Visitor: 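First the structure, then my questions, so here it is.
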Protein chains: 2
Amino acid sequence: MRKRVSMKDIAKELQVSTALVSYVLTGRENEKRVSIEMAEKIRKVAKDLNYKPSQLARSLRGGATMTIGLLLADIANPFFASLARIIEDEAAKRGYVVLIGSSDESAEKSASLLDTFIDRQVDGFIIVPTEGSKEQIESLMEKNNAIVLLDRYFPDLNTSHVCLNNYNAIAEATTHLIQKGHNKIVMFVYQSSQIPMQERVRGYVETMKGLNLERNIKVVEVPYSFTKLEKERLIKMTLQNDINIDAVIFANNSLTIIGLYAIYQLGLKVPEEIAIIGFDGSEVFDFFYAPLTYVEQPLVEIGIKSVETLIGIIEGATEIKQFELAHTFHIRNSS
Amino acid sequence: MRKRVSMKDIAKELQVSTALVSYVLTGRENEKRVSIEMAEKIRKVAKDLNYKPSQLARSLRGGATMTIGLLLADIANPFFASLARIIEDEAAKRGYVVLIGSSDESAEKSASLLDTFIDRQVDGFIIVPTEGSKEQIESLMEKNNAIVLLDRYFPDLNTSHVCLNNYNAIAEATTHLIQKGHNKIVMFVYQSSQIPMQERVRGYVETMKGLNLERNIKVVEVPYSFTKLEKERLIKMTLQNDINIDAVIFANNSLTIIGLYAIYQLGLKVPEEIAIIGFDGSEVFDFFYAPLTYVEQPLVEIGIKSVETLIGIIEGATEIKQFELAHTFHIRNSS
DNA sequence: TAGAGGTGCTTAAACGTTTAAGCATACTTT
DNA sequence: AAAGTATGCTTAAACGTTTAAGCACCTCTA
């Protein structure tokens, strides 16, 4: 790599100090009373030499790296990939660059990725917290880092967050199924103490209770650590063992897709033998033999709000903002 | 944010020079003849103060940022998302961090993202080049940057690259269809002068010629700029207007998925009325009413090879490495 | 006993910015 | 004519590392 062109080179060329060059190239020539002629000369030489400021030096000196650390569960998961895309675009608009990491829902990986982000001195964090990462978040908070939690949060941690109103989403789905005449509804969720799952369960449970279907409540907890095949088997067994089940709600995207494999293999008629409600949307939902009714999250809004909020904090905002955004419910053939 | 702990703090604490601290903490205490006792003390204080080196300062001084710029077409596309995941993991293993950008196949966005990468002084680039970005790559090459092209390349540019052996992949697919008794095979590709598309077309055309089916050759070029709906419409019209068509090959992932929507809407029986071969795999392929026969790319191998090659170049390798990796052909119900 | 060599440390510059402080010089004002 | 102020620039330190060069001091060898 050829030697970088630095302010020093421009300064030398014009026999002036680097201070002057800095003033002009950061657009503070008026404030710093640089003569118009000199400003022009500096800009010209900068252009001629194809000068590019070193973000590195700027960051070292100024403290800000204009970098955001984004910790997701898995970037290969379409839900997070889309979110990442939106966040990157939004961040780029504001001059920020995004470092992405995938925790795979492991607290260990989460810790190690957060450490990397710290080493890189990111200005702020957007985090989809995994189970068991509460202490990590707390430790970041103690050090006064800018943080926005995404998709999930810890109720006893006073952080900004952006997520879905999970209760409402599932409550509407449950109500819809009941109105359609289903009442033996089973819900598949990930075994998780995290708020979103809890809220989704609550949305289901309370709605069932409210319509006097308490005795029909059935929540199946699928361990996240299961392989795809094990999850599929658990779903199949559940549906086979209780033939009264006439509807299922899958509490998230990957469970929905795995669930579809299970139902497909069981050869169940949808929605006659079983109605299905999925989560987050996917092309798969369109191609399943009964196009799926599903809950859609407002991805764009979630992405933009999280970046906005984070940059707000980075720039000094102290107010804690907690967004619970509204879902969209798409009714199609599976219910 | 609390003030950072720097080497200076450690040095002050022990009344020594920062040089000594640096020698110890970068593990060169022997080489630099630091006494064992002193080394121990320094390590202890570093730990007590929870010292974290500043990558920023290190980079500024040393030149290397331990950062890779990864330019994709679109991170929200599952193919690229999976690739990104593999590349990140592989890079992380070697101490590198990855900056990701999505060009949307636009040369302008590509230029602007590459500029961002340059500003951030990435040590190397992994690039899925878009049409019209040849000059950008050339300009990077002139400045002696470490570059690996991914998925595509420019034949007259002497860069390292990692991609699929596209010719073989489509040749096998074509042969398979013909063996199954299809001979009016149409291929849908993106309008693109890029090598991979050209090679895929060549794989189809030469195979057809080789089996005396020259007059049946039909390649439909879909403009990338079309909306999803326009693409779908073009595919539908093609299949409706020529009722002799008995098989289709979709030359990439997104065309396959859009094509499936089209075929689904036309209500064609698969493979009786039309056989289908898809590209890259997707859960959708499993749920289509005839699970799809498709060409799979060796994602993991592609990802790892590209990182390996790039880091090789960063570390001084001058040899140009060009990989054309082998596909896997999955035969299922659609053909 | 002088020189060679080893040991354990320090000094100071360098990477490329930003920025507070200061210094001439010229022009106004009273 | 002295004081004030505006103009246009420079100086030098700072951010947190790395590293070449050098300085004492000690021990060995011939």
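Only heavy atoms go into these numbers, but all of them, side chains included; no hydrogens, no water, no symmetry mates. Residue numbers start from 1 in every chain, and the chains themselves are labelled A, B, ... in the order their sequence lines are given, proteins ahead of strands. Remember, it's a predicted structure, so these values are computed and weren't measured experimentally.
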Visitor: The criterion is side-chain contact (heavy atoms from CB on, under 4.5 Å); which residues satisfy it with A:I118, sequence neighbours excluded?
Guide: A:D115, A:F125, A:L140

Visitor: Check whether the side chains of B:T26 and B:R28 place a donor and an acceptor atom closer than 3.5 Å, and report yes or no.
Guide: yes

Visitor: In plain terms, say whether A:E324 and A:R152 are close enough for a salt bridge, that is, a side-chain N and a carboxylate O under 4.0 Å apart.
Guide: no

Visitor: What is the distance, rounded to the nearest whole Å, between atom NZ of B:K8 and atom P of D:dT18?
Guide: 14 Å

Visitor: Going by the rule salt bridge (charged side-chain N to carboxylate O under 4.0 Å, His left out), which residues pair with A:K44 if we only count those two or more places apart in sequence or in a different chain?
Guide: A:D48

Visitor: Once salt bridge (charged side-chain N to carboxylate O under 4.0 Å, His left out) is applied, do any residues pair with B:E301, and if so which ones, sequence neighbours excluded?
Guide: none

Visitor: Do any pairs count as a side chain to side chain donor-acceptor pair (under 3.5 Å) and have a residue in residues 56-69 of chain B, sequence neighbours left out, and if so which ones?
Guide: A:R120-B:T67, B:Q55-B:S59, B:T65-B:D123

Visitor: Got a sec? Which of residues 47-58 of chain A come in under 4.0 Å of DNA chain C, heavy atoms?
Guide: A:Y51, A:K52, A:P53, A:S54, A:A57, A:R58

Visitor: Please tabulate, one pair per line, all N/O donor-acceptor pairs under 3.5 Å involving side-chain atoms of residues 78-91 of chain A, not counting sequence neighbours.
Guide:
unit_1, atom_1, unit_2, atom_2, d
A:S82, OG, A:P78, O, 2.9
A:R85, NE, A:D89, OD1, 3.4
A:R85, NE, A:D89, OD2, 3.2
A:R85, NH1, B:D74, OD1, 2.6
A:R85, NH1, B:D104, OD1, 3.1
A:R85, NH2, A:D89, OD2, 3.4
A:R85, NH2, B:D104, OD1, 3.4
A:R85, NH2, B:D104, OD2, 2.7
A:E90, OE1, A:K93, NZ, 3.3
A:E90, OE2, A:R94, NE, 3.4

Visitor: Just the rounded figure in Å: distance from P of D:dT19 to CG of B:L25.
Guide: 14 Å

Visitor: Sugar-phosphate means primed atoms, P, OP1 and OP2; the rest is base. With that split, encode nucleotides 7-13 of chain C 5' to 3' as B, S or - using protein heavy atoms under 4.0 Å.
Guide: BBBBB-B

Visitor: Roughly how bent is the helix from C:dT1-D:dA30 to C:dT30-D:dA1 end to end, in steps of 10 degrees, with each end axis from five pairs?
Guide: 60°

Visitor: Take the protein atom CZ of A:R28 and the nucleotide atom P of C:dT18, then report the distance between them rounded to whole Å.
Guide: 7 Å

Visitor: A:K134: which residues meet the salt bridge (charged side-chain N to carboxylate O under 4.0 Å, His left out) condition with it, sequence neighbours left out?
Guide: A:D156

Visitor: Tell me which pairs pass ring pair (Phe, Tyr, Trp, His ring centres under 6.0 Å) where either residue lies in residues 131-163 of chain B, with sequence neighbours left out.
Guide: B:Y153-B:H161

Visitor: Taking only residues two or more places apart in sequence or in another chain, which ones pass ring-ring contact (aromatic ring centres under 6.0 Å, His included) with A:Y96?
Guide: none

Visitor: Once you apply a heavy-atom cut-off of 4.0 Å, does B:S59 come out as touching a base, just sugar-phosphate, or nothing?
Guide: nothing

Visitor: Round to a whole Å and report the spacing from CG of A:L60 to P of D:dT17.
Guide: 9 Å

Visitor: Can you check the A:E31 CD to D:dA6 C1' distance for me, whole Å?
Guide: 16 Å

Visitor: Residues in salt bridge (charged side-chain N to carboxylate O under 4.0 Å, His left out) with A:E13, at least two apart?
Guide: none

